[in-house]
Amino acid sequence: MPRPLGELEDAVMTRVWKWNRPVTVREVLEDLQQERSIAYTTVMTVLDNLHQKGWVRREAEGRAYRYEAVSTRAAYAAALMNEAWSQSDNPASALVAFFGMMSPQQRQALSDAVRMVEGHTVRNADADADAEGVVREAGAPEGAAVEEAQNPAGPESGTGR
């Protein structure tokens, strides 16, 4: 599980996520310098640390690297929330307390998200059932179509990053 990003790591990752493209140390540096005095080597070290921690991937371009986020800010936030929730000895109480802290707009966003996930689950279950029926009619083993629908590249391919 990822630990929370430090203040400078977060400032750097905010730019990487916002720009949503491979970035150079120089680009991040110039943007950060609009808010604070910071050295090139500091930004380079932070991006190298983020690479070592698995937050960014990098590709050589000449003598420099271009860095790109491995996942989204939303995935990062979700992982932090999941970690915090899993640390509770009473997850239901933790959720109730969390919901109580939310603004009406946040509760509406949560409600919308739950509806989206429930709708996605229902649609996936329907698609899985349809696929199972087609496979059984064709004489293939049960579960084959569902596995193929979930991993169209085949069982040997990974989800990878």
Check: E68 and V16 side chains under 4.5 Å, non-hydrogen atoms: no

All ring pair (Phe, Tyr, Trp, His ring centres under 6.0 Å) counterparts of W17, not counting sequence neighbours: Y76

Atom of M13, atom of A69 and distance for their closest heavy-atom approach: CE-CB, 4.2 Å

Polar contact flag, side-chain donor to acceptor under 3.5 angstrom, R107-S111: no

Close side-chain approach of R73 to T14, heavy-atom, < 4.5 Å: yes

Which residues share a side-chain hydrogen bond (donor to acceptor under 3.5 Å, both in side chains) with K53, sequence neighbours left out: E9

Verdict with supporting geometry, E27 and W19, side-chain contact (heavy atoms from CB on, under 4.5 Å): CA-CA 10 Å; E27 289 173 309; W19 296 334; 4.2 Å; yes

Which atom of M101 lies closest to which atom of Q106, heavy atoms considered: O-OE1, 4.3 Å

Side chain W85, main chain L95, donor-acceptor under 3.5 Å: no

Smallest separation among heavy atoms of G54 and V70, with atom names: O-CG2, 3.5 Å

Closest non-hydrogen atom pair between D31 and K18, with its separation: OD2-NZ, 4.4 Å

P22 to R66 - nearest heavy-atom pair and separation: O-NH1, 3.3 Å

Q87 CD: over 12 foreign heavy atoms closer than 6.0 Å: yes

Shortest non-hydrogen separation from L8 to T42 and the atoms involved: CD2-CG2, 3.7 Å

OH-CZ distance between Y67 and R57, expressed to the nearest 0.5 angstrom: 14.0 Å

Salt-bridge present (E30, R15; N to O < 4.0 Å): no

Heavy-atom check, side chain of W55 versus side chain of N49, under 4.5 Å: no

Salt bridge (Lys or Arg N to Asp or Glu O under 4.0 Å) contacts touching residues 39-50 (sequence neighbours left out): D48-R58

L5 vs L50 side-chain heavy atoms within contact, under 4.5 Å: yes

Cluster overlap L110 with V96, hydrophobic side-chain contacts below 4.5 Å: no

Side-chain donor or acceptor of S86 paired with backbone N/O of E83 under 3.5 Å: yes

